[in-house]
Amino acid sequence: MNAKRQLSGLKRVNWEKKTTKQKVKYLVNKLQVMGYKIPSYLKNGQLSDKQLKTQINKIERGLQSQIKKDNLNSETKKQIPI
């Protein structure tokens, strides 16, 4: 999983043009990819604006932390002389 690509894709989504069903499907897919627990309201297909923002923020934080981990790992590999 390329976290930078996932994050840029998440930021490009126009949520105003999506139906509730499309929003739920997108969020469930991203949460599964990230390995997070899926909330019961998403399993039931319900979603409010506040819940949408909460889940987007959760996914963004997870992707940003993954990007930081990837950067640290690549920097340590570069510093080790062979």
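FYI, the numbering just counts along the sequence from 1. The analysis underlying the following values was restricted to heavy atoms, covering all of them including side chains, and did not include hydrogens, waters or symmetry mates.
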Checklist outcome for this item: Heavy-atom closest pair (P39 atom, L31 atom, distance to 0.1 Å) is CD-CD1, 4.0 Å
Item to check | For A3 against I67, the heavy-atom pair lying closest together | outcome: CB-CG1, 3.6 Å
Checklist entry - Distance from L47 atom CG to W15 atom CH2, nearest 0.5 Å? => result 8.5 Å
Item to check | Side chains of Q66 and D70, donor plus acceptor under 3.5 Å | outcome: yes
Item to check | Intermediate values then yes/no, side-chain contact (heavy atoms from CB on, under 4.5 Å), K17 and Q22 | outcome: CA-CA 10 Å; K17 292 186 177 182; Q22 290 173 323; over 6 Å; no
When the side chains of residues 49-56 are checked against the rest of the protein, which donor-acceptor pairs come out under 3.5 Å, sequence neighbours left out?
unit_1, atom_1, unit_2, atom_2, d
Q51, OE1, S48, N, 2.9
Q51, OE1, S48, OG, 3.4
T54, OG1, K50, O, 2.8
Q55, NE2, Y41, OH, 2.8

Checklist entry - Taking it one step at a time, do M34 and L63 satisfy side-chain contact (heavy atoms from CB on, under 4.5 Å)? => result CA-CA 8 Å; M34 298 289 297; L63 288 171; 3.5 Å; yes
Next on the checklist: Determine whether a donor-acceptor pair (N or O, by modelled atom type, separation under 3.5 Å) exists between the side chain of N2 and the backbone of K4.
Outcome noted: yes
Checklist outcome for this item: Exactly one of K30, K25, Q32 clears side-chain contact (heavy atoms from CB on, under 4.5 Å) with V28, and that residue is Q32
Checklist entry - Taking C-beta and beyond as the side chain, do K58 and Y36 meet within less than 4.5 Å on heavy atoms? => result yes
Checklist entry - Nearest 0.5 Å, what's the CD1-CG distance between I59 and L7? => result 10.5 Å
Checklist entry - With side chains defined as the heavy atoms from C-beta onward, is the minimum distance between N57 and R61 less than 4.5 Å? => result yes
Next on the checklist: Tell me the closest heavy-atom pair linking V13 and Y26, and the distance in Å.
Outcome noted: CG2-OH, 3.6 Å
